[in-house]
Amino acid sequence: MGKNFDSKEIILNVENLNTTFVSDQKKIRIVKNVSFQLKRGKALAVVGESGCGKSVTMNSIMRFLGRNAIIKADSIQYNALRDGKVTEYHIEKIDKPHGPEMRALRGPEMSMVFQDPMSSLNPVYKVGDQVAEGLLQHNKGMTKAQAREKVLEMFRKLGIPDPEERIDCYPHQFSGGMKQRVVIAIAMICNPELIICDEPTTALDVTIQAQIMELLKDMQVKDGKSIILITHNMGLVAEMADEVCVMYMGRVVEFGSLEDVFDHTSHPYTQALLRSVPVLGLADGQKLETIPGATPNPADLKGGCEFADRCPFAEDKCRAKDIPMFELSPGHRVRCLKYSSFPLAEGEPAAAEVK
């Protein structure tokens, strides 16, 4: 990714993010040289199979990982825009993930909606108190009564019925969809500019899914929020995203606008993902396509294209080290040697020589 960009236009710039976990004296790299930009007021979908590194990437940015995680990056730059003025935050330089610098960012500037509301909500505290906690933490002069009014206002905005009564309920008294709205309220209560949504509709039925996604889209369009949506549901991607980042085994394999990725699908993995999406009108007896094989164990990977063993186009050269991104068109990049006649994407290293 280029280092020269308009910080008023780009809210988040990530360059060469790597996350390694230390376990039993072994080091396993899970996120590998991930680079992307998120435009202000836009929605970016990060897609891929379970275990491809989507959540670890976003938790690395938010610094939510445990002590056995080693996070390194050339840049994780968040650009706050208030009253027309940009303040740059370099998250990669923050040493203490739970120190005052990250606490000042999490909540007022960037927040996360987690996929399982039951693990996000404390069962012994009233939901109103859990939503108000962030407000009271970041607004030292605010009274509990003022915080309660703000929570009621947020509940009304999110369509939670009877907010005056519901604010004093416990999580077990809410349905799955209402719990997820409470989790969104916790993420939104401090009015952040960037919201990261990690599979926000996983355990919900399709009707509630649609309501939650409409709610998030309204936040983006009406309130100008920037959204990162982590998902494996390509239908949600088509509905929500302005740009798409496709990940496989910790690497970005394709990145581009929604039209680039859906209409000019280039990486074999992205093509396989789209072919495996259920569609109406399948003929009797016609089987849904699947991606052959299974995702490998990260500890067993030895370099080259991680998708090579499942790819119908793979050649010996695909198992070379450090396969770079190629620029197919402005903003549309793909990590595949089929496109080696295209120029390297800016900032990408050349592929290692194949012997």
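- Here ring pair (Phe, Tyr, Trp, His ring centres under 6.0 Å) pairs that include residues 124-151, with residues two or more places apart or in two chains, number zero.
- Under the side chain to side chain donor-acceptor pair (under 3.5 Å) criterion, no residue pair touches residues 294-305, with sequence neighbours excluded.
- Put simply, Ile186 and Met142 are part of the same group of oily side chains (I, L, V, M, F, W, Y) that touch within less than 4.5 Å, one to the next.
- With respect to the salt-bridge test (charged N to carboxylate O, under 4.0 angstrom), the residues Glu101 and Arg106 do not qualify.
- Considering all non-hydrogen atoms of both residues, Ile230 and Met58 come closest at CD1-CG, 3.3 Å.
- Of all non-hydrogen atoms in Leu258 and Ala241, the two that sit nearest each other are CD2-O, 3.5 Å.
- The side-chain contact (heavy atoms from CB on, under 4.5 Å) search around Ser119 returns Asp116, not counting sequence neighbours.
- Judged as a side-chain hydrogen bond (donor to acceptor under 3.5 Å, both in side chains), and not counting sequence neighbours, Ser120 has no contacts.
- Side-chain N or O atoms of Asp6 include one that pairs as donor or acceptor with a backbone N or O of Lys8 at under 3.5 Å.
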N/O donor to acceptor pairs below 3.5 angstrom from side-chain atoms of residues 150-159, sequence neighbours left out:
from: Arg156; atom 1: NH2; to: Glu164; atom 2: OE2; distance (Å): 2.8
from: Lys157; atom 1: NZ; to: Asp223; atom 2: OD2; distance (Å): 2.9

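- Val206 belongs to no multi-residue hydrophobic cluster, having no ILVMFWY side-chain contact under 4.5 Å with any other such residue.
- Ion pairing between a basic and an acidic side chain is recognised when a charged N comes within 4.0 Å of a carboxylate O; Lys72 and Glu92 show no such pairing.
- The closest donor-acceptor contact from the side chain of Arg310 to the backbone of Pro296 lies at 3.5 Å or more, if one exists at all.
- Atom CG of Leu216 sits about 10.0 Å away from atom CG of Leu236, to the nearest 0.5 Å.
- Ile28 and Ile71 fall within the same hydrophobic cluster, defined by Ile, Leu, Val, Met, Phe, Trp and Tyr side-chain heavy atoms under 4.5 Å apart, directly or through other members.
- No side-chain donor-acceptor contact under 3.5 Å links Arg29 to the backbone of Gly250.
- When atom types are taken as modelled, the side chain of Lys179 and the backbone of Phe174 share a donor-acceptor pair closer than 3.5 angstrom.
- Side-chain contact check for Met325 versus Val252: some heavy-atom pair is nearer than 4.5 Å.
- The closest side-chain heavy-atom distance from Arg335 to Glu254 is not below 4.5 Å.
- Counting all heavy atoms, side chain and backbone alike, Ser111 lies closest to Ala187 at OG-O, 2.8 Å.
- Under a 4.5 Å side-chain heavy-atom cut-off, the cluster of Ile, Leu, Val, Met, Phe, Trp and Tyr residues that includes Tyr170 has no other member.
- Between the side chain of Ser75 and the backbone N or O of Ala73 there is no donor-acceptor pair closer than 3.5 Å.
- No donor-acceptor pair closer than 3.5 Å links the side chain of Asn13 to the backbone N or O of Gln37.
- Here the shortest heavy-atom pairing between Met213 and Thr201 reads SD-CG2, 3.7 Å.
- For residues 300-323, the ring pair (Phe, Tyr, Trp, His ring centres under 6.0 Å) pairs, not counting sequence neighbours, are Tyr248-Phe307, Tyr269-Phe307.
- Each of Val46, Val47, Thr265 was compared with Val246 under the side-chain contact (heavy atoms from CB on, under 4.5 Å) criterion, and only Val47 meets it.
- Judged by distance alone, the side chain of Glu327 and the main-chain N or O of Gly331 form a donor-acceptor pair under 3.5 Å.
- Glu193 pairs by the side-chain hydrogen bond (donor to acceptor under 3.5 Å, both in side chains) definition with nothing, not counting sequence neighbours.
- Judged by distance alone, with hydrogens and angles left aside, the side-chain atoms of Asp205 form a donor-acceptor pair with the main-chain N or O of Ile208 at under 3.5 Å.
- Under the side-chain hydrogen bond (donor to acceptor under 3.5 Å, both in side chains) criterion, Lys217 pairs with Gln220, not counting sequence neighbours.
- In this structure, the side chain of Arg63 engages the main chain of Ile91 through a donor-acceptor pair within 3.5 Å.
- Arg103 and Gln137 share no donor-acceptor pair across their side chains, judged by distance under 3.5 Å alone.
- Counting heavy atoms from C-beta on, the side chains of Phe255 and Val334 never come closer than 4.5 Å.
- Between Arg319 and Asp309, at least one side-chain nitrogen of the basic residue sits less than 4.0 Å from a carboxylate oxygen of the acidic one, meeting the salt-bridge criterion.
- Residues passing the side-chain hydrogen bond (donor to acceptor under 3.5 Å, both in side chains) test with Lys225 are Asn191, sequence neighbours excluded.
- Listed by first and then second residue, the ring pair (Phe, Tyr, Trp, His ring centres under 6.0 Å) pairs involving residues 38-81 are Phe64-Phe114 (not counting sequence neighbours).
- In plain terms, the two heavy atoms of Val261 and Leu274 that are nearest each other are O-CD1, 3.9 Å.
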